Enquirer: 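A single structure is presented below for examination.
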Amino acid sequence: MTHTYSHTPRRHRQGPARRIGRTLALVLPVVLVLSGTLAVASVNWSGTTPSTLTTASEDISKPAKSRAPQDVLRDALLAELQEKDPGIALTHLQQEVDRRPSLAKHCVSIARALGRAAVHHYGPARAQSFSRPVCDTAFAAGVAETA
């Protein structure tokens, strides 16, 4: 008995699932690369907050004064204390020390300066009400020194 085998080639059918899969295989890597590029581009890599960046309105004809980071931070926090309140300034001091540990050795002096300024601006009783355990209660010590 002789068997004859006739094989007809099977055509690859391109149904909707296969087309969607191929489209995703082409489009998905492009989307991932673009979204990754945008994510990297939107990160502030300089490590400075917008409030500490120099503004374009500053006079660039004057030579720049070299100021230590702790002095810049202290001045910014003293201005914030005057505009808002000492509680906000103390919160930002703690955040900056957490973000830049090199400022930790200056935390006590900055907090005391904030305490003294709070007494001048709010009076001793009101200034003491803003006291927080930032930098080992140095703010309260600054208030007590001035009161």
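Please read these numbers as outputs of a predicted model, since none were measured by experiment.
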Enquirer: Restricting to non-hydrogen atoms, name the atom on Ala25 and the atom on Pro29 that form the minimum distance, rounded to 0.1 Å.
Expert: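 Nearest pair, atom of Ala25 first, then Pro29: O-CD, 3.3 Å.
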Enquirer: Specify the closest pair of heavy atoms between Tyr122 and Ala127, including all atoms of both residues, with the distance to one decimal.
Expert: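 Heavy atoms only, the tightest pair is CB-N, 4.1 Å.
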Enquirer: Do Leu103 and Leu78 share a hydrophobic cluster, counting only Ile, Leu, Val, Met, Phe, Trp and Tyr and linking them when any side-chain heavy atoms are less than 4.5 Å apart?
Expert: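 Same cluster.
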Enquirer: Of all residues at least two apart in sequence or in a different chain, which pass the side-chain hydrogen bond (donor to acceptor under 3.5 Å, both in side chains) check with Glu80?
Expert: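 Testing Glu80 for side-chain hydrogen bond (donor to acceptor under 3.5 Å, both in side chains), a comparison that skips the adjacent residues, returns His92.
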Enquirer: Where do Pro69 and Arg100 come nearest, in terms of heavy atoms and distance?
Expert: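 Scanning both residues, the minimum pair turns out to be CB-NH1, 4.4 Å.
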Enquirer: Taking all heavy atoms of Leu81 and all of His121, pick out the closest pair and write down the distance.
Expert: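 Nearest heavy atoms, Leu81 then His121: CD2-CB, 4.4 Å.
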Enquirer: For Arg112 versus Ala141, what's the shortest heavy-atom pair and its separation?
Expert: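 Smallest heavy-atom distance, with atoms named: NE-CB, 3.8 Å.
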Enquirer: Could you give me the CA-CA distance, side-chain angles and deciding distance for Leu93 and Leu73, then say whether side chain to side chain contact (heavy atoms under 4.5 Å, CB included) is met?
Expert: CA-CA 8 Å; Leu93 172 60; Leu73 177 61; 4.1 Å; yes
Enquirer: Minimum heavy-atom separation for Gly87 to Phe130, with atom names?
Expert: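 Here Gly87 and Phe130 meet closest at N-CD2, 3.7 Å.
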Enquirer: Roughly how far, to the nearest 0.5 Å, is the CG atom of Leu114 from the OG atom of Ser131?
Expert: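 Going from OG on Ser131 over to CG on Leu114, the span is 11.5 Å.
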Enquirer: Can you measure from NZ (Lys105) to CD1 (Ile110) and round to the nearest 0.5 angstrom?
Expert: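 Between Lys105 NZ and Ile110 CD1, I get 11.5 Å after rounding to 0.5 Å.
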Enquirer: About how many Å separate OG of Ser109 and CD of Gln70, when rounded to the nearest 0.5 Å?
Expert: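 Gln70 atom CD to Ser109 atom OG measures 7.5 Å (nearest 0.5 Å).
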Enquirer: Ile88 and Thr91: side chain to side chain contact (heavy atoms under 4.5 Å, CB included), yes or no, with the steps?
Expert: CA-CA 5 Å; Ile88 293 172; Thr91 299; 5.6 Å; no
Enquirer: What distance separates His106 NE2 from Arg74 CZ, expressed to the nearest 0.5 Å?
Expert: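 Interatomic distance, His106 NE2 to Arg74 CZ, rounded to 0.5 Å: 10.5 Å.
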